[in-house]
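Remarks on the structure that follows.
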Number of protein chains: 2
Amino acid sequence: MAETPVPQIAQRPKRADGRRNYDALLVAARTAFAEHGSDASLEDIAHEAGVAIGTLYRHFPTRATLVEAATRDGLEVLVSHARDVADRLAPLTALTDWMRHAVVHFSTFRGLVGILAQSMYDEGTPSHAMCAAMHTSGADLLRAAQRAGEVRADLTADELFGLLSGAAWVRETTRAGKDETERFIELVIEGIAVRTAGP
Amino acid sequence: MAETPVPQIAQRPKRADGRRNYDALLVAARTAFAEHGSDASLEDIAHEAGVAIGTLYRHFPTRATLVEAATRDGLEVLVSHARDVADRLAPLTALTDWMRHAVVHFSTFRGLVGILAQSMYDEGTPSHAMCAAMHTSGADLLRAAQRAGEVRADLTADELFGLLSGAAWVRETTRAGKDETERFIELVIEGIAVRTAGP
DNA sequence: TGACTAATCGAGGCAGCCTCAGGTTAACTG
DNA sequence: CAGTTAACCTGAGGCTGCCTCGATTAGTCA
């Protein structure tokens, strides 16, 4: 298993009021993003957190840094989940299970997939480090499934993430439920899995 | 083949100067959308067309109506292309070919897929009529391929359009080239096609 | 307690959206 | 051709949201 560095992008502020406001902003941001997508009004978020707009910008100089902070935990869970399933499940099952979780996380709120897809290859974006770690996680699972002969050998990790984010985008724009998402992933798996002997 | 109504959403203005400005706006809009995506500045478009902002709003009361007018031709081509391939090609080949064209059109500019995906099921959107016609076209091709036993019988048209728009979204956000797009569609087809006898 | 400086505040400049009251002009009519 | 009319055009102005920055406040530490 390849090394998955744990990125520390921005240490939290030190002063008590600073820490308090930072947390309040994060809570407000998560709510606002869930409701209005990644382009929710920053001034509303600041107001909701009981803080002036300048304070928001002090903690999060760009929208991207706020999104990153609001979604970091979820991505961390995703990365550790990859290690977990790799240990517990058969290769293709592990990959499938992880893909399910990835799609759900990517579509946490409208606009997230776009940001993550961007960050995956664009260093310099706040989310890049976490995305790179996640890329490694996915690639490891893919490689294992390929070694086991369960996934077509010519599929690259980038292609896998293309399929994954496409699925997440569809989920987020159609507000698909559990069943539709499950079905969609099944179709994708069908396309990348090596067929076992037919009837 | 089901009926494909040709919608006439908004007749063009009658007076000469009105028609002239309408056309100029459309040209400017296509350029701007291609360059900046569907959220290009409307004031820039008006200025580029040599017209005041109020004139733009007179012809296109909402951004959606402008997008619709700017992309209607392409959708019409897509619909007639479906009839064409249905006549000329074997069912699965026809479906595949049409999907290729659909993905390319859907990703004409950044933001289009989202609008089309929305319009497909939301009556009351300007693009809905064209989208519905296109839905019919795709469904016809799908049904033919299923009758020929070449595509899994349990795939619905809505699922097909989910896959299609997912592919288009990936193409538009990664600015994928011809090869990547081709590959992506191949993977999708692999997932929905009935496997011919294996080795 | 006083000094230091992190942290906060919010007015203000800017961009883009959209409306509407008033001015202009193409097209038609006698 | 002059008169009439409705279609058309204009752009200032109100609004929302982004982002900055100088003045102010308040934790922290010696």
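Naming convention: chains lettered A, B, ... in sequence-line order (proteins, then strands); numbering from 1 in each chain. As a basis for the values below, the full set of heavy atoms in this structure was taken, side chains included, without hydrogen atoms, waters or symmetry mates.
Rounding to the nearest 0.5 angstrom, the gap separating the CG atom in B:L66 from the OG1 atom in B:T71 is 9.5 Å. The NE2 atom of B:H36 lies 10.5 Å from the OG1 atom of B:T31; values are rounded to the nearest 0.5 Å.
The side chain of B:L42 lies closest to C:dC18 when the candidates are C:dC18, D:dT10, D:dA7. In the set D:dC18, C:dA7, D:dT10, D:dC18 carries the atom at the smallest distance from any side-chain atom of A:R63.
Between A:H59 and C:dT8, a side-chain N or O to OP1/OP2 separation shorter than 4.0 Å is present. Contact annotation: A:T55 side-chain N/O to C:dA7 OP1/OP2 distance is not under 4.0 Å.
If you check every strand for non-hydrogen atoms under 4.0 Å, B:A40 touches sugar and phosphate atoms only.
With rounding to whole Å, B:H36 atom NE2 is found 10 Å from C:dG16 atom P. At whole-Å resolution of the value, OH in A:Y57 and C1' in C:dC9 are 15 Å apart. Atom-to-atom, CZ of B:R20 to P of C:dA27 comes out at 9 Å; the value is rounded to the nearest Å. Rounded to whole Å, atom C1' of D:dT28 lies 11 Å from atom NZ of A:K14. Between the CZ atom of B:R19 and the P atom of D:dC8 there is a distance of 10 Å, given to the nearest Å. In this structure, A:H47 places its NE2 atom 15 Å from C1' of D:dG17, rounding to the nearest Å. Distance B:E43 CD to C:dC18 P: 10 Å, rounded to the nearest Å. At whole-Å resolution of the value, CD1 in A:I53 and P in C:dG10 are 12 Å apart.
Proximity of B:D97 to B:H81: side-chain heavy atoms (C-beta onward) are separated by under 4.5 Å at one or more points.
One can find a donor-acceptor pair under 3.5 Å joining the base of D:dA7 and the side-chain atoms of B:R15.
Mapping B:D17 and B:G54 onto DNA chain C by nearest heavy atom places B:G54 closer to the 5' end of the strand. With DNA chain C read from its 5' end, the first of the two nearest nucleotides for B:S41 and A:A52 is the one closest to A:A52.
The salt bridge (Lys or Arg N to Asp or Glu O under 4.0 Å) test with B:D17 is passed by exactly one of B:K14, B:R15, B:R20: B:R15.
Between B:F161 and B:H135, the ring-plane angle classifies as parallel under the 30° and 60° cut-offs.
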